[in-house]
Amino acid sequence: MSEQDERTGYDVHATEAKWLPVWDQLDPFRADDDSPREKRYALTMFPYPSGDLHMGHAEVTALHDVIARYWWQRGFEVMNPIGWDSFGLPAENAAIQRNEHPATYTYANIETQAASFRKYAVSFDWSRRLHTSDPEYYRWTQWLFLQLRRRGLAYRKSSPVNWCPHDQTVLANEQVVDGFCERCGAQVTKRELTQWYFKVTEYAQRLLDDMEDLQWPERVLTLQRNWIGRSEGAHVDFEVTTDGTGETRKVSVYTTRPDTLFGATFMVVAADAKLAEEIVSPEQRAAYDEYLAQTRMASDIDRMSTDRPKTGVFLGAWATNPVNGQKVPVWAADYVLADYGTGAIMAVPGQDQRDWDFATKFDLPIVRTVQPTEGFEAAGGEAFTGNGPAINSANEAVSLDGMGVDEAKRVIIDYLEEQGTGRGAVNYRLRDWLLSRQRFWGCPIPVIHCPRCGEVDVPEDQLPVELPELKGADLKPKGVSPLAAAEDWVNVECPQCGGPAKRDSDTMDTFVDSSWYFLRYCSPHDQDQAFDPALVREWMPVDQYVGGVEHAVLHLLYSRFFTKALFDMGLVDFQEPFTALLNQGVVINQGKKMSKSLGNGVSLGEQLSEFGVDAVRLTLVFAGPPEDNIDWADMSPAGSLRFLQRAWRLSGDVTSAAGISPTEGDVALRKVTHRTLHDAAELVESHRFNVMVARMMELVNATRKAIDSGPGADDAAVREAAEAVAILLSLVAPYTAEEMWSRLGHEPTVARAGWPVVDEALLVEDSVTAVVQVQGKLRARLEVSPDISETELEALAMGDESVQRALEGKQVRKVIVRAPKLVNIVAG
RNA sequence: GCGCCCGUAGCCCAAUAGGUAGAGGCACCAGGUUUAGGUCCUGGCCAGUGCGAGUUCGAGUCUCGCCGGGCGUACCA
């Protein structure tokens with residue numbers, strides 16, 4: 001016992017040691033599939049097993065646990081599962097360093113974190129625990145991959161991909177941040193490789209449309225919308241001829257401004273697109289090759305700087321504008337992207353600033369097709385991107401002149417469709433999900449490559465394809481992936497023809513593992529299927545998902561894609577996995593993100609041993625709105641501990657017997673208790689946990705006062721209040737709550753005691769304060785009945801002495817009455 | 001550059017449909033309890049809501065423009 005504890009009598013660490021084994025015995029949070037109660041699914045993003053838990057884990061689970069524990073108290077059957085996202089690179093790198101198997105590091109960390117979660121007293125259902133690196137789990141990841149492949153949603157193609165030279169693996173677009181590897185920070189380069197993809201793009205529109213019904217932060221929805229990047233426009237076909245070859249071919253461009261087609265004075269093809277290579281003239285080839293080499297050398301960083309001058313090279317080819325027959329030059333440039341739209345654009349310098357810059361640099365013609373606003377050019381305006389009447393936009397068959405942008409778009413698309421030279425089109429920024437990884441510690445791709453039969457699925461009865469036992473140096477990438485080098489493993493018989501064949505030696509992106517774990521939780525021990533459809537129907541979709549905003553586009557988009565694909569297969573009966581989402585903020589210190597280099601890290605373990613689990617949890621919940629960042633330097637866990645001690649002392653002061661009827665108790669205190677219970681419920685449901693804690697503190701203060709200078713410790717209302725405090729506290733500070741509950745003469749566990757029934761009669765106020773304003777200035781306060789009528793209140797206000805004084809010599813012009821709270825008199 | 005969010009006491013934060021700016025806490029000060037410090041109890045100090053306009057009987061809340069901070073995005077045609 002520390003000194004402080006001796007004085008207060010409350011020993012947090014002894015309390016922790018006392019109740020942990022009791023709870024283990026009671027197992028109060030095991031979700032019963034057969035329960036008749038209404039079911040709720042509370043999910044927190046499962047952790048990656050690197051080291052022990054840190055402040056971030058402490059925050060997200062403390063917040064999430066308020067909701068889960070509240071639901072239990074409200075009588076729901078709650079599923080709040082926990083597992084580990086346990087494949088991934090850090091384990092592999094650690095294994096290479098320590099010359100051991102990645103599983104050693106992974107499962108040791110999992111045990112450490114599990115023990116910490118247990119002590120941290122999160123209301124997890126431990127019976128559903130899963131690890132994505134267990135063969136029992138990844139067997140079904142592989143099975144799902146095969147289902148997607150069967151529906152054409154998983155396919156292999158060759159294309160230039162993001163390659164991380166440090167991690168020696170490809171990356172998804174989503175994992176490249178500003179040209180650097182999201183994981184290790186190395187500069188990402190491009191490589192032409194044949195890789196597996198999931199066809200996310202096929203779901204682009206549905207992923208967009210179904211966001212309507214999600215109770216998600218607007219921020220996340222916006223991020224996903226931008227990521228999907230839908231735009232409307234048209235494909236326009238140009239005939240392209242190449243000098244010196246006599247060859248002619250059709251080239252389509254995508255544009256969102258088909259109305260400006262008459263102003264297309266040149267065409268630009270992405271320098272690294274195959275098309276550029278194909279149409280360049282013999283004469284220009286050398287110049288093009290040099291430009292391409294130059295482009296490839298420029299890093300993504302250089303390419304992304306905003307005010308970089310335009311570069312490009314003439315391809316020696318000419319395109320015919322389908323609406324005016326004009327022959328315009330075709331250039332290659334790096335400001336056009338090979339993998340967006342068709343990799344080629346029609347350039348309209350009059351209406352697009354990038355094209356304007358390019359045109360002025362290379363002295364290409366500029367034709368305006370939208371009349372700029374008055375004074376635009378005088379003010380130095382270049383490309384005019386605003387709305388205005390079309391000009392210079394007519395041929396013998398069609399004229400856009402005079403039309404606004406929207407009308408002109410419609411008319412020109414109709415015309416192009418009639419002529420067969422173009423069509424309206426929708427385009428997305430979203431690309432397919434590249435899921436192959438050239439690393440070891442991941443889920444093997446269950447496909448066999450046979451020289452005779454091609455890509456052959458591993459038969460379902462041979463799943464899982466387990467990882468071979470490699471460790472240490474075997475895992476180092478040596479040009480080929482570690483699996484490709486494992487000869488015994490990679491060489492197999494073709495399941496179709498029996499001939500010699502090779503396993504696919506890549507593993508899956510770990511985001512595949514986490515795209516369906518929420519389904520597995522519903523039947524985590526099922527040996528015969530990925531998930532039990534009946535149980536999934538019981539529990540899914542997730543009612544409340546809590547996690548970091550860093551997954552706004554990766555994990556959340558992929559999980560939505562998986563769910564929709566499974567819906568289309570008839571395997572689930574809902575299209576969105578997560579009904580509501582809460583993004584907690586980040587725990588920072590002294591205004592900055594915690595980091596080793598800054599030396600401002602705060603150790604969760606140290607905080608827990610200094611202040612105890614409950615005080616740390618309370619501090620995190622009370623700090624502010626859950627989505628705000630918490631600066632630990634501004635927090636006072638010592639203050640939280642003092643509050644817990646105050647609450648705890650109430651339980652020792654109560655002298656009435658357990659079970660006593662509260663109806664005879666002090667009405668004033670009873671009103672505070674019932675009002676607090678009523679409001680606390682609303683506050684938890686609207687995620688204003690910090691305010692809920694403040695209300696709880698008020699109740700503790702009121703109860704203290706009732707004991708010391710009110711009706712006294714034996715009053716029934718005091719017991720009622722103390723018990724309410726224990727139940728409210730059970731959402732945030734489970735140990736203190738349990739100890740209080742016990743001292744109040746009850747059996748564990750308070751976590752399942754149930755939310756007290758709120759007596760509506762006690763929520764009614766006898767009187768309220770009405771304010772009277774004259775000219776908006778406060779002149780009087782009146783104690784009135786809450787159901788006073790407007791006329792009554794007005795009369796009362798007008799009769800008030802200080803109001804009369806304020807009105808002296810003035811004419812009352814208007815009286816605004818909002819019974820029972822306010823009267824505002826306008827006079828003059 | 002573009003888009004979104006946020007600016008309330010020394011600090012963290014409250015303020016249901018626009019209606020008394022302050023619920024809760026931290027820090028600080030005073031009194032009581034205490035051998036003393038701390039704890040505990042009681043009380044107190046502290047802003048007119050970043051700045052400027054507008055709408056309104058009434059604006060922290062709505063609108064516009066600045067200033068400051070944060071997040072996202074980056075040649076997507």
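Every chain is numbered from 1, with letters handed out A, B, ... down the list of sequences. Computed from a predicted model, the values in this text were never measured in an experiment.
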Kindly write out the residues that satisfy side-chain contact (heavy atoms from CB on, under 4.5 Å) with [X], not counting sequence neighbours, or none if the list is empty.
X	result
Val684(A)	Val66(A), Tyr70(A), Phe689(A), Met692(A), Leu731(A)
Phe362(A)	Trp331(A), Phe358(A), Leu364(A)
Arg779(A)	Val774(A), Lys777(A), Val803(A), Ala806(A)
Gln353(A)	Trp356(A), Asp357(A), Glu382(A), Ala383(A)

Taking atom [atom1] in both [N] and [M], compute the distance separating them and give it to the nearest angstrom.
N	M	atom1	answer
C62(B)	U49(B)	C1'	16 Å
C28(B)	A74(B)	P	47 Å
U55(B)	C46(B)	P	35 Å
C29(B)	C13(B)	C1'	22 Å
C45(B)	G54(B)	P	35 Å
A59(B)	A53(B)	C1'	13 Å
C71(B)	G52(B)	P	28 Å
C11(B)	G72(B)	P	26 Å

Which nucleotide in [options] has an atom nearest any side-chain atom of [X]:
X	options	result
Arg818(A)	C57(B), G43(B), A77(B)	C57(B)
Arg688(A)	A77(B), C57(B), A15(B)	A15(B)
Asn824(A)	A77(B), G24(B), C57(B)	C57(B)
Arg649(A)	A23(B), C40(B), U42(B)	C40(B)

- Item | Pairing nucleotide - G48(B), Watson-Crick or G-U, each distance under 3.5 Å |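 Result: none.
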- If you find the nucleotide of RNA chain B closest to Val823(A) and the one closest to Glu698(A), which residue's nucleotide is nearer the 5' end?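 Here Val823(A) is the residue nearer the 5' end.
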- Could you pick out which residue, Asn629(A) or Leu223(A), lies toward the 5' side of RNA chain B when each is mapped onto its nearest nucleotide?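 Residue closer to the 5' terminus by nearest nucleotide: Asn629(A).
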Sugar-phosphate only, base, or nothing, as touched by [X] at under 4.0 Å among non-hydrogen atoms:
X	result
Phe622(A)	base
Asn701(A)	sugar-phosphate
Arg813(A)	nothing
Val771(A)	base
Leu822(A)	base
Gln773(A)	base
Arg704(A)	sugar-phosphate

- Listed by chain and number, what are the side-chain hydrogen bond (donor to acceptor under 3.5 Å, both in side chains) partners of Arg695(A), not counting sequence neighbours?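 Result, side-chain hydrogen bond (donor to acceptor under 3.5 Å, both in side chains) vs Arg695(A): Asp679(A), Glu698(A).
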- Item | side-chain hydrogen bond (donor to acceptor under 3.5 Å, both in side chains) against Ser789(A), all qualifying residues, sequence neighbours excluded |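 In terms of side-chain hydrogen bond (donor to acceptor under 3.5 Å, both in side chains), with neighbours along the sequence ignored, Ser789(A) is linked to Thr791(A), Glu792(A).
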- Query: Which distance, rounded to the nearest 0.5 Å, do you find between the CG of Asp339(A) and the OG1 of Thr342(A)?
  - Reply: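 Here the interatomic distance stands at 11.5 Å.
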What's the [atom1]-[atom2] distance between [X] and [N], to the nearest Å?
X	N	atom1	atom2	value
Phe238(A)	A77(B)	CZ	C1'	12 Å
Leu683(A)	C13(B)	CG	P	17 Å
Asp339(A)	A77(B)	CG	C1'	13 Å
Lys810(A)	C57(B)	NZ	P	17 Å
Arg646(A)	C41(B)	CZ	C1'	9 Å
Met692(A)	A14(B)	CE	C1'	15 Å
Phe689(A)	A14(B)	CZ	C1'	16 Å
Arg429(A)	U73(B)	CZ	P	8 Å

- Query: Does a donor on one side chain sit under 3.5 Å from an acceptor on the other, for Tyr428(A) and Ser231(A)?
  - Reply: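 Result is no, nothing qualifies.
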- Do the side-chain N and O atoms of Thr201(A) and Asp432(A) include a donor-acceptor pair separated by under 3.5 angstrom?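 Side chains of Thr201(A) and Asp432(A): pair found under 3.5 Å.
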- Item | Under 3.5 Å donor-acceptor, Asn629(A) side chain and Gly585(A) backbone |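 Such a contact is absent between Asn629(A) side chain and Gly585(A) backbone.
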- Query: Are the side chain of Arg675(A) and the backbone of Leu763(A) linked by a donor-acceptor contact shorter than 3.5 Å?
  - Reply: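 Yes; judged by distance alone, with no hydrogens or angles, the pair exists.
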Quick one: which protein N/O atoms are closer than 3.5 Å to N/O atoms of nucleotides 2-8 of chain B? Pair and distance per line, please.
none

Can you check nucleotides 26-28 of chain B for protein contacts, nitrogen or oxygen pairs under 3.5 Å, and list what you find?
from   : atom 1 : to        : atom 2 : distance (Å)
C26(B) : OP1    : Arg642(A) : NH2    : 3.2
A27(B) : OP2    : Arg642(A) : NH2    : 3.3

- Considering residues at least two apart in sequence or located in another chain, which fulfil the ring-ring contact (aromatic ring centres under 6.0 Å, His included) criterion with His674(A)?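 His674(A) satisfies ring-ring contact (aromatic ring centres under 6.0 Å, His included) with no other residue.
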- Query: What parts of residues 784-791 of chain A reach RNA chain B, counting only heavy atoms under 4.0 Å away?
  - Reply: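 Correct list: empty, so none.
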- Message: Please tell me if Asn690(A) has a side-chain N or O lying less than 4.0 Å from either OP1 or OP2 of A14(B).
- Response: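 Looking at the OP1 and OP2 atoms of A14(B), one of them is under 4.0 Å from a side-chain N or O of Asn690(A).
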- Considering only NZ, NE, NH1 and NH2 on the basic side and carboxylate oxygens on the acidic side, decide whether Asp237(A) and Arg423(A) come within less than 4.0 Å.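 Salt bridge: yes.
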- Query: For G58(B), does the O4'-C1'-N9-C4 (purine) or O4'-C1'-N1-C2 (pyrimidine) torsion place it in syn, i.e. within 90° of 0, or in anti?
  - Reply: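 Anti, since the glycosidic angle lies more than 90° from 0.
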- Message: Could you work out, with salt bridge (charged side-chain N to carboxylate O under 4.0 Å, His left out) as the rule, every residue matching Asp653(A), not counting sequence neighbours?
- Response: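 Result, salt bridge (charged side-chain N to carboxylate O under 4.0 Å, His left out) vs Asp653(A): Arg704(A).
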Donor-acceptor contacts, no H, no angles, side chain residues 811-828 of chain A, under 3.5 Å, sequence neighbours left out:
from      : atom 1 : to        : atom 2 : distance (Å)
Asn824(A) : OD1    : Gly776(A) : N      : 3.4

